[in-house]
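One structure is given below, encoded as structure tokens.
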There are 2 protein chains.
Amino acid sequence: MARIDLGRATQLSPATITAITSDMLEEGLIVGIDADEPKAPLGRGRPRSLLAIDGGAANVISVRISVSRIDLALADFTGRIFHSRKVYYDASTANAATFPSTLTDAVRTFVSEAGIEPASVLEIGVASQGIVDTNKGEVVWSPAFSGRNIPLVGPLQETFSARVTLSNDTNMITEALHWSDPQRYSGTFAVVMVDYGVGMGLFLDDHLFVGASGAAAEIGHANHIPGGARCRCGRRGCLEAYLADYALLRMTQGLADDTDPANMPVTPQTFEELHDRAEGGDAGVIASLHQAGTALGYGIARLLAVIDPARVVLTGAGIRAYPFMEGAMHEALEAALVEDLRRSLTIDVVPWNEDFIRRGLIAQAMRRLDETLVIATGRSR
Amino acid sequence: MARIDLGRATQLSPATITAITSDMLEEGLIVGIDADEPKAPLGRGRPRSLLAIDGGAANVISVRISVSRIDLALADFTGRIFHSRKVYYDASTANAATFPSTLTDAVRTFVSEAGIEPASVLEIGVASQGIVDTNKGEVVWSPAFSGRNIPLVGPLQETFSARVTLSNDTNMITEALHWSDPQRYSGTFAVVMVDYGVGMGLFLDDHLFVGASGAAAEIGHANHIPGGARCRCGRRGCLEAYLADYALLRMTQGLADDTDPANMPVTPQTFEELHDRAEGGDAGVIASLHQAGTALGYGIARLLAVIDPARVVLTGAGIRAYPFMEGAMHEALEAALVEDLRRSLTIDVVPWNEDFIRRGLIAQAMRRLDETLVIATGRSR
DNA sequence: CTATTTTTTTCGACGCCCGAAAAAAAGTTG
DNA sequence: CAACTTTTTTTCGGGCGTCGAAAAAAATAG
């Protein structure tokens, strides 16, 4: 990227750009590129001298924890992922006593296997399913663990010199969407992820919103029907109990809605299978998806009433079957909310991509790195 | 206030304070006070020379529109209200054609009666019940008008040289709470006002949150029971249809829940009367308040799941009867939400005070004035 | 009257940003 | 191929807001 483009992007004068970039060159955060191969259409004028972020300046690690699996990725200062690995663990025995060492061991092995200096890792971003407390740095409750209140930040921080940050996984999808298309995903929007559970991320007034304890946006456990279907959390009537894989399975099998979710034989392929059966014309599955669509519509309607986002993004494995939910969802929206409050809404359906969470974690780590390296060290001296 | 205290409050050095205050003195925004009467405990050292905001520098007007009444107040640059008046109008005929001139006439009369220069009014803050669109500056729908889409900002702005801002009335309560006790009411909290309808204000990450179109936080029309009781908005099952005065009346009278709210004989005293009957032991009223408490509990539970505020403030005329709703509300909270998500919650019950909205309007106008006068004109020159 | 204490102001400096002008490095033209 | 044009980058001087240190101001204490 040339200096003049940086000026246009940041709205700073060329003079300022030169000042800042020369500082950063001195510190080794960026490097000049001696482009020997001039890009074809080289017009008049002094040619641009391109600058690039120096990938070697720092490394970051993203850690995504889902049920029985840890996804690790290593990225350089440009954000490029140059090493990744999946590690499996036994979710049924993981608790506050056992999991921290499982995790630190996995990360340590990962770093040495990548052949980088452990000290070059300046940020570690961790995302987990379930309810997390970002302040305390622990997972309050998650299907990924058998125990509760699993500390993750503390153990990692003690083992590595990096700064460690724990986030809600759907929040990271939200962050990733914002980074991938800032034009579209800015201002105020909400992300609803239908998957093993139902998660939510909120981007409000151009910032990722994290509640008081970092446990916000748990729309999956917002009540849909008082005293309704049994949810994994033990309550009744949560939105999740009408939308998640176990809920759909329970409905298609005609089981009572207080059947214990733990007894439902869900697999990572459940949504896929249900979608295929619906496409094959299975009336029972279609009816269940219709019901789920209704629940989703009411959930979105309540969200609109409280937050009024300009856009709602639907994603997650469960959204595969969206075509069978769409009609009921819109009917529910209309039944639940006066037109004035839903007039300006846009709904995006984004095909699920596991990589979103990883991308979000790295984007967030990059932002933090920028603050540390550029703002603090960089200019003010 | 002395310069040294300003320094402590703003974290600026004494040198900077002197620079800023001398600029402001020159511009007449603040004045020095020659305190002839030294405050009793005058110790050693150079005595503080106090500074005060110059009340005469500017005036602001707050306009609160409720059903058939306009509350006007005039405040000086210190925020002191020195003139106020109530004006009545016919809500049943007020619409987009008639109301704007009613309003501008009322404000014009008010200003001339106060004996101030119209040009000295730099900000006019307007709050209305119902759904407002702050961007467009019009009231989309409100019980205070018979028509829809009533423009308010445009007409006032044309008549006066002031900047005019339209806000949701519950948002102004939120703003007022923050100003009256910034220690307690900061960070992330929600205000639920139970009155003629049910309104909500959100303060998120130290800022008043207004959704994409300014119509956020309409929790009253968030669905409580799909297909449930009939609401004034025409939908079924809105939270309001279980909490508002007409809803309580409908329940105590044993009427079907699809009875048209417009036919319920509510008065401004309805809540008061219901409260008295409950105190007198009227089992029907007590049962109705119990039901309302349940609805409120579910509403708060859903709010917690989505926003996770550290505090929820309950206020409004309808909160008079809170003691009869409290038990059911807590039961509903427990039934609706896992403990993890409600653990950190504090509920404040703030007795209703009509003055809140006015205070919030003026606080907001002051903030805007500060931005205009101090930031823009003041320093940068 | 001198010392002490506290508040306020003055002074010089630094960091960040800017506009204007100059320099650099190419292409274009006669 | 030298002079001109164009575009990008750098240099230079200045403005603004902030700061620390020192000085000044205004009171009390002894």
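Note on naming: letters A, B, ... go to the chains in the order of the sequence lines (proteins, then strands), and numbering restarts at 1 for each one.
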Taking [atom1] from [X] and [atom2] from [N], how many angstroms apart are they, rounded to a whole number?
{"X": "A/R8", "N": "D/dT8", "atom1": "CZ", "atom2": "C1'", "value": "10 Å"}
{"X": "B/I20", "N": "D/dG17", "atom1": "CD1", "atom2": "P", "value": "8 Å"}
{"X": "A/L50", "N": "D/dT7", "atom1": "CG", "atom2": "P", "value": "17 Å"}
{"X": "B/I4", "N": "C/dT5", "atom1": "CD1", "atom2": "P", "value": "15 Å"}
{"X": "A/I17", "N": "D/dT9", "atom1": "CD1", "atom2": "C1'", "value": "11 Å"}
{"X": "A/L51", "N": "D/dT10", "atom1": "CG", "atom2": "P", "value": "8 Å"}
{"X": "A/I33", "N": "D/dT9", "atom1": "CD1", "atom2": "P", "value": "13 Å"}
{"X": "B/R44", "N": "C/dT6", "atom1": "CZ", "atom2": "P", "value": "8 Å"}

**OP:** Could you point out which residue of A/V107, A/L156, A/T165 forms a side-chain contact (heavy atoms from CB on, under 4.5 Å) with A/V126?
**Re:**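 Of A/V107, A/L156, A/T165, side-chain contact (heavy atoms from CB on, under 4.5 Å) with A/V126 is met by A/L156 alone.
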
Subject >> side-chain contact (heavy atoms from CB on, under 4.5 Å) partner of B/L369, the single match among B/Q364, B/R163, B/E123 >> reply: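 Of all the options given, the one that passes is B/E123.
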
Original post:
Counting side-chain heavy atoms from CB outward, which of D/dT10, C/dT9, D/dA26 is closest to B/P47?
Top reply: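 Out of D/dT10, C/dT9, D/dA26, the nucleotide with an atom closest to B/P47's side chain is D/dA26.
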
Subject >> Of the listed nucleotides D/dA27, D/dT9, C/dC17, the one nearest the side chain of A/A2 >> reply: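 So the nucleotide nearest the side chain must be D/dT9.
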
**OP:** Compare all side-chain heavy atoms of A/L152 with those of A/V164 and state whether any distance is below 4.5 angstrom.
**Re:**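 Of all side-chain heavy-atom pairs linking A/V164 with A/L152, none is under 4.5 Å.
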
Original post:
Would you call A/F209 and A/I307 a side-chain contact if the rule is heavy atoms closer than 4.5 Å?
Top reply: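 Contact flag for A/F209/A/I307 side chains = no.
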
**OP:** Give the intermediate values and the outcome of side chain to side chain donor-acceptor pair (under 3.5 Å) for residues A/S180 and A/R359.
**Re:** CA-CA 9 Å; A/S180 69; A/R359 282 268 129 223; over 6 Å; no

**OP:** Step through it carefully: locate the ring centre of B/F189, locate the ring centre of B/H178, and say whether they are under 6.0 Å apart.
**Re:**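 Between B/F189 and B/H178, the centre distance exceeds or equals 6.0 Å.
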
**OP:** For D/dT11, take OP1 and OP2 only and decide whether either is under 4.0 Å from a side-chain N or O of A/T18.
**Re:**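 No.
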
**OP:** Look at A/R3 and D/dT8 and indicate whether a side-chain polar atom (N or O) is within less than 4.0 Å of OP1 or OP2.
**Re:**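 Answer no for this pair, as no side-chain N or O of A/R3 is under 4.0 Å from OP1 or OP2.
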
Original post:
Salt bridge between A/R311 and A/D348, side-chain N to carboxylate O under 4.0 Å?
Top reply: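 Looking at A/R311 and A/D348, the cut-off is met.
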
Subject >> Where protein sits on nucleotides 19-24 of chain D, one letter per nucleotide: B base, S sugar-phosphate only, - none, heavy atoms under 4.0 Å >> reply: BB----

**OP:** Determine the contact category for A/S22: base if any of its heavy atoms lies under 4.0 Å from a base atom, sugar-phosphate if only primed atoms, P, OP1 or OP2 are that close, otherwise nothing.
**Re:**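 Touches nothing.
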
